[in-house]
Every structure is written in structure tokens, then in C-alpha cells.
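Take a look at the structure below.
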Amino acid sequence: MTQTAKPETGAFSPRDLDHQPPAFTPGYKTSILRSPQRNLVSFENTVSEITGPTFGHQMLGELDNDLILNYAAPGESAIGERLIVHGRVLDEQGRPVPNVLVEFWQANAGGRYRHKKDAYLAALDPNFGGCGRTISAEDGSYNFRTVKPGPYPWPNGANDWRPAHIHFSVFGHGFAQRLITQMYFEGDPHIALCPIVQTIPDETAIDALVARLDMDNTIPMDIRAYRFDIVLRGRRSTLFENRLEGN
Amino acid sequence: MSAEYLKESASQTAGPYVHIGCVPSFAGLTGMYGGNDLGDTMITGDVKGERITIEGYVFDGSGAPAKDALLEIWQADAAGLYNAPTETRGQADPNFTGWGRQPTDGDTGRYRFETIKPGAVPYPGGQMQAPHCVVWIVARGINLGLNTRIYFDDEADANASDPVLNKVELSARRDTLVAKKSGNTYTFNIHLQGEHETVFFDI
């Protein structure tokens, strides 16, 4: 894939809200008071939505995409199942989205977050912070090393547990592409039981958030790989753009 | 539509621990990324334009401030140019990133951006929009990031003819998008729900 000399500057295709969770999802109780009740107001993309912040590779530190080591004392490493998570950032037309910042955060192998508001009784790992970041390559690819996060209980229903998951924050080339989501692991029985996962009404949309075990990229005697592709909104076709009559 | 395209990845809530990934120093992961939270500083040098503060709260449907929300703003520089490769109209002020990210305070729920007053940018077709910041809000309990805009109450004439504000049919609801100035500080409160629910956009 060759690099495009000029970035594309067209408007984005409308967001397919049928593929997204609605705001009001009473099974996930916190959404009840945090969901707008009025219609979203639509308008065509302007330069404010089409543009967005970009970040250079020079911003990254050497261990930013290595959660096994980036909070560990020298010579130490995080406890847990060693994983490579990798994939591509694509748009809805299947084209790679290069040079976008991807941030990720997660609980440790025991299901505990390094956060002052997480009081779960599982132990903190002194060598695990739980955050990392990278920038997609020219072919849209990204990767990082981590340990598999543990499932954990959370106050919602009487006995709700989150599936093992990694949070993702993804920038695009336009502010309208901004996305936060979560990645799950193939075969986890908690996926079907989780009120947060089940806010998504479309089974295929849920399935697209489930990373697959990737034996081809697993390094023997070292670390297993999981593959997770991320799809951002695409820009509308510019076919016949110069043939419009009027303005 | 019969053509086959990929679907945008479904959104999931940022959750209560979004700070670990997006503002790790705020979360207490001291030293991560050199100790600087990305987006904390929008002004990086001798910036052109009027320096302002934008602050406020994100209220839920019960009127309680959300103490675990994260806001991002994106705005033009004082000349109305975005600091982005996709900006085709000129070169933006190199001392202004145009992008800021701030959490609401864990004790009070207040957020604050130190920025500049943006210049006006065009709407498709050439008409000018009133000066504004675009805003994206994520938090526990928000399944899909919410998009809104901050306009400025000392731009009454420009606001009256702004094509986006005029998409909002009830004029009283337009006021939910207008920050109130006092000194160099604009107050912009976001109401997720209820009588004063902020206008959110499908962009």
C-alpha cells in the first residue's frame, strides 16, 4: 500500500446507529441517568468535524506499547498470561487508516485496575500499570504486548462480572471518527452474560469486538497472539464530486 | 444499499477507569509518558489570540455532577484554521494544538480547559459559522461518545446566523450550546438529561 501524498478531506459517511449501542440501556444501570432522551441533531460535516488532531511517531517512548515492561522495575515484568495484541485500523471501505493514535488500558491479570477508585480485593501487581499506546503504521497495523486481563465483579446486577477486556481509544483523521470501545477474547462465556456488551443490539457488531487467537503470530515458547481489527467511519465517496451543478 | 462495506466498530463505554488509558498521570500512574497527559496543554508557545478558560460540569439526569467523565475539545486557532494535515485553507498557528483533553475532577466534577477563543470557520457552501469548539464526552454509563459544541455568548450576531445552531428547532435549546462569559472565563455546563438537556449532535 503506497502512502497517499495528500490526506483525504471529504465528509464522513453517516454513522450507522443501528450498529451502535443506544444511549438508554437499562440493563446497564448507569446509563439510565446518563442517557440523553432527545433526538440527536444532524447536520452535514463541516471543517470542524472533517479535521482532527494528529500525533507523530516521535511522541512515542520505546516501551509505550509494552505493558509487560512499561511499569515494571528494571529486570522485572508484569505477572500474567503473556499476549501480543495486534490488528489493523481500517475504514468502512476497508482501507488502512495510517498514523492514528491508539490508546489502550486494562485491569491486571487478577482483574484489578491501578486506579484509586477500584477497591476490588484482587491484588495490584507492582510491575503492571495497565496503560499503553501506539500509532498505526502505513498499512494501518498496530501491535502491543501485555498480559491477559482478568474478569472482575462490578456493582450493577447482584452478580455481574465483566468478561476479560481491553479498552481502546482510537483517533482517526477527523474528529467525527473518534471512538472508544472494548476488545474481548474469543471463547469467553462472560461475553454473553455482560450487560455492557449486551448494550450492543447487533450480534455481528458484538462479534467484531471479539479478538481471535492467532497462532500464526504466536511466538513459540514465548507469547500468544490475538488479532483485533478496528473499523473507523469512512469518508463519503467523492465520485463525480466536480460535476455537481450549482455551488 | 447492496454494496458491501465494513461496519464501524461498535462503541463501548469508556468506563470508570478511562483515566488510566487517557490521562494516566491524573490517574496516579506517575511518570507514565514522561509525566505529561496528552491534551493537557493546548497552548505550546507564543499563541495568537485571546486566552480564555472554559469550565463547567457534566450533570446527569438527577442533577449530580459526573466525577468520572472525560472531555475532549477540538477548535480552530484565532485565525479560524485547524492544526491538522486535513486543513486545506492555510497553516494554523504552530503554538496552538487545537485539541484538548480533560477529566472532570474526581471530587468536585468540574472540568477546565485553558485555551484561546477560536476564529470563525466556514460551513459547506461558504457561509461562516460562529466561533465554536466541538466537544466529545465519554464516561461510565455513556455507551457512545456524545458530540456537542461550545459557542460563546459574546458572539450573539454570529450565533444568530450560525447554520448549525439554526438546525436546532427550539430556540431555547440553542442556549444549551452557548457558554456564558465572566471575565476571561466561559462557563459551559453539560446536562446529559432532563429539562436542560444539552443538544447533542449526530455528526
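Predicted model, so just to flag it, every value in this text is computed and none were measured. In what follows, chains are A, B, ... by sequence order, proteins preceding strands, each numbered from 1.
The aromatic rings of Tyr113(A) and Tyr17(B) are tilted relative to each other, their planes meeting at an angle between 30° and 60°. Aromatic ring pairs are classed by plane angle as parallel below 30°, tilted from 30° to 60° and perpendicular above 60°; the pair Trp136(B) and Phe175(A) is perpendicular.
Comparing Asp60(B), Val164(B), Thr13(B) by heavy-atom pairs within less than 4.5 Å of chain A, the highest count is held by Thr13(B). For chain B, the option among Asn39(A), Leu90(A), Val197(A) with the highest count of heavy-atom pairs below 4.5 Å is Val197(A). Between chain A and the residues Gln75(B), Glu87(B), Glu72(B), the most heavy-atom pairs under 4.5 angstrom are made by Glu72(B). Top candidate by heavy-atom pairs under 4.5 Å with chain B, chosen from Gly52(A), Gly174(A), Gly61(A), is Gly52(A). The residue among Gln177(A), Arg15(A), Arg38(A) with the most heavy atom pairs within less than 4.5 Å of chain B is Arg38(A). Of all the listed residues (Thr148(B), Leu144(B), Asn147(B)), the one sharing the greatest number of non-hydrogen pairs under 4.5 Å with chain A is Leu144(B). Across Leu40(A), Val41(A), Thr25(A), Thr30(A), the residue that shares the most heavy-atom pairs under 4.5 angstrom with chain B is Val41(A). Listed options Ala107(A), Ser42(A), Ser35(A), Pro53(A) were ranked by heavy-atom pairs under 4.5 angstrom with chain B; first place goes to Pro53(A). Of the residues considered (Ile230(A), Ile196(A), Leu232(A)), Ile196(A) shows the highest number of contacts with chain B, using heavy-atom pairs under 4.5 Å.
A donor-acceptor pair under 3.5 Å is absent between the side-chain atoms of Thr54(A) and the main chain of Ala84(B), judged by distance alone.
With a threshold of 4.5 angstrom between heavy atoms, Leu209(A) approaches chain B through side-chain atoms but not through N, CA, C or O. Contacts between Val18(B) and chain A at a heavy-atom distance below 4.5 Å involve backbone atoms as well as side-chain atoms. Within the 4.5 angstrom heavy-atom criterion, only side-chain atoms of Leu101(A), from C-beta onward, approach chain B. Contact annotation for Thr88(B): only side-chain heavy atoms (C-beta onward) come within less than 4.5 Å of a heavy atom of chain A. Neither the backbone nor the side chain of Ala208(A) comes within contact range of chain B; no heavy atom of the residue lies under 4.5 Å from a heavy atom of that chain. Interface residue Phe201(B): backbone and side-chain heavy atoms are both found under 4.5 Å from chain A. Interface remark: Pro16(B) contributes backbone atoms only to the contact with chain A (heavy atom separation under 4.5 Å). Using a 4.5 Å cut-off between heavy atoms, Tyr33(B) contacts chain A through both its backbone and its side chain. Glu49(A) touches chain B through its side chain: at least one heavy atom from C-beta onward sits under 4.5 Å away, while N, CA, C and O do not. With a threshold of 4.5 angstrom between heavy atoms, Ala69(B) does not approach chain A through any atom at all. Proximity to chain B (any heavy atom under 4.5 Å) is restricted, for Glu103(A), to the side chain, taken from C-beta onward. Contact of Tyr184(A) with chain B is made through the side chain alone, with heavy-atom distances under 4.5 Å. With a threshold of 4.5 angstrom between heavy atoms, Phe43(A) approaches chain B through its backbone and through its side chain. Contact annotation for Leu17(A): only side-chain heavy atoms (C-beta onward) come within less than 4.5 Å of a heavy atom of chain B. Using a 4.5 Å cut-off between heavy atoms, Pro14(A) does not touch chain B at all.
Tested against Glu8(B) for a side-chain hydrogen bond (donor to acceptor under 3.5 Å, both in side chains), the candidates Arg233(A), His19(A), Gln20(A) yield a single pass: Gln20(A).
A side-chain hydrogen bond (donor to acceptor under 3.5 Å, both in side chains) check over residues 120-133 of chain B, counting only residues at least two apart or in different chains, returns the pairs Thr46(A)-Gln129(B), Ser48(A)-His132(B), Gln129(B)-Arg149(B), His132(B)-Arg149(B).
Residues Tyr28(A) and Gly141(B) approach most closely at OH-N, 2.8 Å, considering heavy atoms. The two residues Arg34(A) and Ala139(B) come nearest to each other via the heavy atoms NH1-CB, 3.8 Å. Here the closest heavy-atom approach between residue Thr86(B) and residue Ile50(A) is recorded as OG1-O, 4.0 Å. Of all heavy-atom pairs between Ala23(A) and Asn143(B), the closest is O-ND2, 3.5 Å. Contact between Ala14(B) and Trp105(A) at its shortest, heavy atoms only, is O-CZ2, 3.6 Å. Nearest heavy atom pair, residue Cys131(A) against residue Gly21(B), reads CB-CA, 4.0 Å.
Ion pairing between Asp68(B) and Lys117(A) fails under the 4.0 Å rule for side-chain N and carboxylate O.
For Trp99(B) and Phe55(A), the ring centers are positioned less than 6.0 Å apart.
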Item to complete: List the steps, then state whether side chain to side chain contact (heavy atoms under 4.5 Å, CB included) holds for Asp202(A) with Lys7(B).
Response: CA-CA 11 Å; Asp202(A) 182 314; Lys7(B) 292 285 193 182; over 6 Å; no
Item to complete: Test Arg101(B) against Ser169(A) for side chain to side chain contact (heavy atoms under 4.5 Å, CB included), laying out the working first.
Response: CA-CA 13 Å; Arg101(B) 175 154 74 183; Ser169(A) 153; 4.3 Å; yes
Fill in: Test side chain to side chain contact (heavy atoms under 4.5 Å, CB included) applied to Gln193(B) and Leu33(A), step by step
CA-CA 7 Å; Gln193(B) 197 183 86; Leu33(A) 284 174; 3.7 Å; yes
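For the pair Thr51(A) and Trp74(B), the minimum side-chain heavy-atom distance is below 4.5 Å.
Contacts between residues 67-74 of chain A and chain B, defined by a heavy-atom separation under 4.5 Å, are made by Asn70(A), Tyr71(A). Below 4.5 Å, heavy atoms of chain A meet heavy atoms from Leu38(B), all part of residues 36-44 of chain B.
His115(A) NE2 to Phe26(B) CZ: the interatomic distance, rounded to the nearest 0.5 Å, is 7.0 Å. In this structure, Leu29(B) CG and Arg114(A) CZ are separated by 6.5 Å, a value rounded to the nearest 0.5 Å. Distance CE/Met183(A) to OG/Ser9(B): 12.5 Å, rounded to 0.5 Å.
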Atom pairs and distances, side-chain donor-acceptor, residues 165-176 of chain B, under 3.5 Å, sequence neighbours left out:
unit_1    : atom_1 : unit_2    : atom_2 : d
Asn166(B) : ND2    : Ala160(B) : O      : 3.1
Asn166(B) : ND2    : Asp162(B) : O      : 2.8
Arg173(B) : NH2    : Glu197(B) : O      : 2.9
Arg173(B) : NH2    : Thr198(B) : O      : 3.3
Arg174(B) : NE     : Leu165(B) : O      : 3.2
Arg174(B) : NE     : Val168(B) : O      : 3.0
Arg174(B) : NH2    : Val168(B) : O      : 3.1
Thr176(B) : OG1    : Arg173(B) : O      : 2.7
Thr176(B) : OG1    : Val199(B) : N      : 3.1

